[in-house]
Structures are given as structure tokens and as C-alpha cells.
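In each ligand, atom 1 is the first atom listed, and ligand 1 is the first ligand listed. What you are looking at is a predicted structure, and each value in this text was computed from that prediction instead of being measured.
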Amino acid sequence: MESPFKGDVLKGKVALLTGGASGIGFEISRQFGIHGASIAVMGRRKSVLDSAVSSLQSLGIPAVGFDGDVRKQEDAKRVVESTVKHFGKLDILVNAAAGNFLVSPEDLSPNGFRTVLDIDSVGTFTMCHEALKYLKKGGPGRRSSSGGLILNISATLHYTASWYQIHVSAAKAAVDSLTRSLALEWGTDYDIRVNGIAPGPISDTTGMSKLSPEEISSKAREYMPLYKLGEKWDIAMSALYLASDAGKYVNGTTIVVDGGLWLSRPRHIPKDAVKQLSRTVENRSRATPVGLPTSKL
Ligand code: COA
């Protein structure tokens with residue numbers, strides 16, 4: 001789909017994306033690049049990085065890949081510094097790296113729980129921590145008088161509760177909390193905007209194939225009235241909005257991009273039945289004035 005944004009909304013910007021070589025992260029990399037940004041992607045798998053970089057370069061996007069694990073502070077530091085060395089500065093950090101699998105709490109080892117928190121929550125904090133020096137107003141290489149942007153990819157799982165996702169729910173709740181705390185503190189002190197995006201189920205992603213295999217998602221559609229799959233493009237467009245000047249007054253928020261799915265509830269009474277039921281109850285209460293003891297009627 002064509003972008004509704006002008007092609008130069010991110011002209012001259014440098015973005016570093018963890019998990020930016022695959023899935024939603026890659027689509028954000030691609031759209032940021034198409035709209036003028038230079039792109040550095042970070043990931044653990046060299047072959048995935050290489051193919052992402054050549055695909056970005058084939059679109060004329062200045063792109064580079066750095067291998068690293070967000071769980072390792074030395075990797076985070078090295079990748080942030082390499083990005084600045086390569087492109088001269090850093091304007092945007094996108095934390096899209098995530099770990100996930102379905103598991104019931106009783107089958108999840110504390111190490112499994114910790115692993116996902118290490119990637120999603122601690123990894124996000126570590127990247128922000130290492131990038132601060134370059135993102136803050138007046139940081140090395142920054143010609144503009146404003147600070148940069150941090151974008152954290154979150155989820156909606158923890159707004160209520162989600163089956164078999166206790167680890168990811170906890171991890172993303174922490175990510176949302178980081179988004180708000182950093183928006184407050186680094187927004188005030190360093191002019192850095194910090195926002196998040198909470199995607200719903202997005203087609204053609206690892207998350208979707210891991211968490212909602214086809215047979216499960218078609219069943220879910222039956223009882224979730226708002227059930228619709230989103231596209232990676234939907235998330236990338238929200239990211240573009242937040243990263244461009246259109247989002248310059250947005251700080252500390254996590255935009256839900258899920259078609260309203262997290263609000264879904266099974267419809268327990270059909271619409272026609274509710275009309276009838278409601279009238280009947282209404283008429284009954286009119287016939288029985290409230291507050292009058294029934295013995296007086
Ligand atoms: N069910 C239950 N426990 C699981 C599990 C599963 N499907 N997969 C991993 N674990 C547990 C392991 O058993 C281990 O715990 P233990 O030491 O107590 O046995 C712990 O999690 C770490 O697993 P390990 O395979 O060593 O971690 P890793 O660092 O190689 O991989 C994951 C991290 C598990 C998060 C892996 O799924 C991953 O790399 N994911 C990245 C991609 C991704 O998930 N993207 C989805 C985005 S929505």
C-alpha cells in the first residue's frame with residue numbers, strides 16, 4: 001500500500017532498530033528508509049541482517065547491519081556507537097526486539113520467564129541507556145536543537161490478562177512503564193520523546209505464527225466481533241507518524257494499533273433479544289415503583 005506521508009518526512013534522520021531486520025521491525029526499517037532515513041538494524045542472526053540490509057539498499061536506502069543481543073550491555077553499547085560512527089549521529093531508536101512463546105504458568109521455568117523479561121524489558125532499558133548520550137539535545141553529531149526519539153514496540157496483552165502469556169504480559173507492562181518514566185524524565189531533561197506502539201495480531205509475522213496458528217485464529221474470529229488481522233504496514237505508518245513532525249507533541253503514550261481488538265468481548269445476548277429483554281425489564285420496573293414495599297402494592 002502507498003504511504004500517505006510525504007517521501008521526505010524523515011529526511012536526514014538516522015534510525016537504529018533492534019529486531020529491525022525481520023517482521024514488524026523490518027517494515028518499520030523499510031518505511032523509515034523510504035521516507036528519507038538512514039537505517040541501522042541490530043539482530044542476533046547474521047544471515048537475517050545481511051538479507052535485510054541488501055533489501056533496504058536495493059531500494060536506495062543507506063543501510064547497515066550490526067549483530068548483537070540486546071541482553072548484553074556490551075553489544076548494546078557497541079551497536080549504538082557503531083551506528084553513530086557509520087552515520088555520524090543517532091536520531092531515532094526503535095526497540096522492536098522481542099521474545100515470545102505460548103506456555104502455561106505452571107510449565108514456564110523461572111529462567112524462561114526471566115529470558116523474555118531480559119529481552120523485552122531489560123533489553124529496551126539497556127538500549128535506551130546506551131543511546132541517551134547521542135539522542136539527547138546537543139548530543140554528539142546532533143545539529144538540530146531538539147532531542148531524538150525512542151519508540152518501544154509493546155503489546156495489549158497486559159491491559160486485561162492473556163492466556164499462556166504471563167511472561168510477555170509482565171515484560172510489556174514493564175516496557176509501557178519505561179515509556180512513561182523516560183518520557184517524563186528524559187523529555188524534561190533532554191528533550192527526548194519516548195512513545196510506544198502496541199500492535200494487535202499482525203499477519204505474516206513470527207509472532208502470529210508462534211502465538212496464533214491458523215486453526216486457532218480462525219476459531220478466535222468466531223467469538224471476537226472485532227477480530228481482524230492487521231498488516232505490518234499499519235504499524236509502520238503509526239511509527240512514521242510518531243517519528244515525524246506530525247507527532248512532535250506526542251510524548252509518553254503507547255498507541256494501540258489493533259483495530260479495537262483488545263476491547264473485544266463475546267456478545268452474550270443477541271441484539272434483537274436485548275431490545276426485547278430491556279423493554280420487558282423497563283415495563284416491569286414501571287409497574288413496580290422503586291422504593292415502595294411490595295406489601296403496599
Ligand atoms: N515453552 C516453555 N519454555 C520455553 C520455551 C517454550 N516454548 N522456549 C524457551 N523456553 C525456556 C527454556 O526452556 C529456557 O528455560 P530453562 O533454562 O529453565 O529450560 C528459557 O526459556 C530460555 O530458553 P533458550 O532457548 O535458552 O533461550 P534463547 O535465548 O535461545 O531464546 C526465546 C529466547 C526463547 C525467547 C526464543 O523464542 C527467541 O529467541 N525468540 C526471538 C524471536 C521471537 O520470539 N519473536 C517473536 C516476537 S512476538
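With sequence neighbours excluded, no residue forms a side-chain hydrogen bond (donor to acceptor under 3.5 Å, both in side chains) with N251. Q57 meets the side-chain hydrogen bond (donor to acceptor under 3.5 Å, both in side chains) test with no other residue; sequence neighbours excluded.
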Going by atom type alone, with no hydrogens or angles, which donor-acceptor pairs under 3.5 Å involve a side-chain atom of residues 105-114 and a protein atom two or more places apart or on another chain?
| unit_1 | atom_1 | unit_2 | atom_2 | d |
| --- | --- | --- | --- | --- |
| D107 | OD2 | S104 | OG | 3.1 |
| S109 | OG | N111 | N | 3.4 |
| S109 | OG | G112 | N | 3.0 |
| N111 | OD1 | R114 | NH1 | 3.3 |

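Checked for salt-bridge contact, D176 and K172 miss the test: no charged N lies under 4.0 Å from a carboxylate O.
Judged purely by atom type and a 3.5 angstrom limit, S3 uses its side chain to pair as donor or acceptor with the backbone of F5.
Ring geometry for F125 against H129 counts as tilted: the plane angle lies between 30° and 60°, on a 0 to 90° scale.
Sorted by chain and number, the heavy-atom contacts of ligand 1 below 4.0 Å come from R44, R71, A98, G99, N100, F101, V103, S109, N111, G112, T115, I119, G207, K210.
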